[in-house]
Each structure stands twice: as C-alpha cells, then as structure tokens.
Amino acid sequence: MKYPLLLLIKLYQWTISPLLGPVCRYYPSCSHYGYTAIHRHGAIKGTALTAWRILRCNPWSRGGVDHVPARKHPVWHQRIRARLGSPRTESAGGATRTHTTAQGA
C-alpha cells in the first residue's frame, strides 16, 4: 500500500504542482512532506501525518519549517535490542562486521 501512495504523490508533483506554483506555507512543501512521511513511517501513520499537515496548511497559519518526525521504535523493540546487545556483530564469509544504529538522527 505504501508504494501506490508514493506513486500518487510523485504523479501530483510532476503534473498538478507545477501548474499551481509554490503555494505551501511550510518548508518542505506539503507534497514533499507527505512523500517523506509515507516513506519513513508507512502507509497508515504517514497518511495520518500528511493529513494533519495539510489541515495545518491554511491561510491563518504562519507556516515555517516543519520536518517529518523521526521514526520511533516501540518499547518492546527497544527491550529486545537491549537484550541482544548493541552494537550487534554478524559474520559473513569469514569476516566480522559490526553494525551500529544511529539514534536521534
């Protein structure tokens, strides 16, 4: 479901958005925000974030910079990662690689 929504947003950006010009009060534009939100959070939460953003983009809004929030992992996911240990290591073909996760970025 995620990819058809992303395709619809890209279609809007390529066809309708150039005709309207820069009318969004926020940076990034609402369509770019929607694309990033759906790509980062998935179809359901990304659509909810996009709808909330579009509702806030009105003539009475001051606008400004409004980036998509970072994806947060649920508590159970954090507990599992803590039990497994961080950073995790994985051996591939005799070589050991260390994977680290960037948190807060």
Side-chain angles (χ1 to χ4, degrees):
M1 189 64 191
K2 172 179 166 177
Y3 295 105
L5 291 173
L6 294 176
L7 180 65
L8 284 174
I9 292 173
K10 278 296 181 187
L11 204 69
Y12 166 81
Q13 289 176 341
W14 291 333
T15 57
I16 299 171
S17 184
L19 299 174
L20 298 175
V23 294
C24 192
R25 296 179 169 273
Y26 288 98
Y27 175 83
S29 68
C30 292
S31 62
H32 188 268
Y33 182 94
Y35 188 89
T36 306
I38 292 171
H39 188 265
R40 185 176 295 170
H41 293 283
I44 295 172
K45 187 173 180 180
T47 301
L49 287 169
T50 303
W52 179 242
R53 166 69 178 268
I54 291 172
L55 287 173
R56 288 183 289 146
C57 190
N58 59 58
W60 301 280
S61 172
R62 290 185 9 209
V65 177
D66 180 27
H67 294 291
V68 177
R71 185 174 180 183
K72 296 178 183 173
H73 294 290
V75 175
W76 60 266
H77 184 268
Q78 294 171 358
R79 289 179 184 159
I80 291 173
R81 295 292 293 174
R83 282 188 181 168
L84 293 176
S86 184
R88 63 187 171 126
T89 58
E90 164 183 285
S91 64
T96 302
R97 296 183 297 181
T98 304
H99 298 281
T100 57
T101 59
Q103 294 178 354

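Nearest approach of Arg40 to Arg71, heavy atoms of both residues: O-CD, 3.6 Å. Counting all heavy atoms, side chain and backbone alike, Ile54 lies closest to Cys30 at CG1-CB, 4.4 Å. When all heavy atoms of Leu11 and Thr15 are compared, the pair lying nearest together is O-OG1, 2.7 Å.
From Ile16, atom CD1 reaches atom OG of Ser31 across 10.5 Å, with rounding to the nearest 0.5 Å. With rounding to the nearest 0.5 Å, the separation of OG1 in Thr36 from CG in Leu6 is 9.5 Å. To the nearest 0.5 Å, atoms CG (Leu5) and OG1 (Thr50) are separated by 9.0 Å. Separating the OH atom in Tyr35 from the CG atom in Leu7 is a distance of 9.0 Å, to the nearest 0.5 Å.
No donor-acceptor pair under 3.5 Å is formed between the side chain of Ser61 and the backbone N or O of Cys57. Within the 3.5 Å criterion, the main-chain N or O of Arg62 finds no donor-acceptor partner in the side chain of Arg25.
Put simply, the side chain of His32 reaches to within 4.5 Å of the side chain of Gln13, judged on heavy atoms. Side chains of His41 and Val68 form a contact here, defined as non-hydrogen atoms less than 4.5 Å apart. Residues Arg53 and Cys24 are in side-chain contact: their nearest non-hydrogen atoms beyond the backbone lie under 4.5 Å apart. A heavy-atom distance below 4.5 Å is found between the side chains of Tyr12 and Leu20. Side-chain contact check for Tyr27 versus His67: some heavy-atom pair is nearer than 4.5 Å.
Follow the hydrophobic side-chain contacts under 4.5 Å out from Tyr26 and you never reach Tyr33; the two are in separate clusters. Residue Tyr3 is grouped with residue Ile38 when hydrophobic side chains (ILVMFWY) are merged at heavy-atom distances under 4.5 angstrom, including chains of intermediate members.
Applying the side chain to side chain donor-acceptor pair (under 3.5 Å) rule to Arg56 yields the partners Asp66; only residues at least two apart in sequence or on another chain are considered.
Heavy-atom contacts from other residues, nucleotides or ligands closer than 6.0 Å to CD1 of Ile44 number 12 or fewer.
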Set out, in order, the CA-CA distance, both residues' side-chain angles and the distance that settles side-chain contact (heavy atoms from CB on, under 4.5 Å) for Ile80 and Leu84, then state yes or no.
CA-CA 6 Å; Ile80 291 173; Leu84 293 176; 4.0 Å; yes
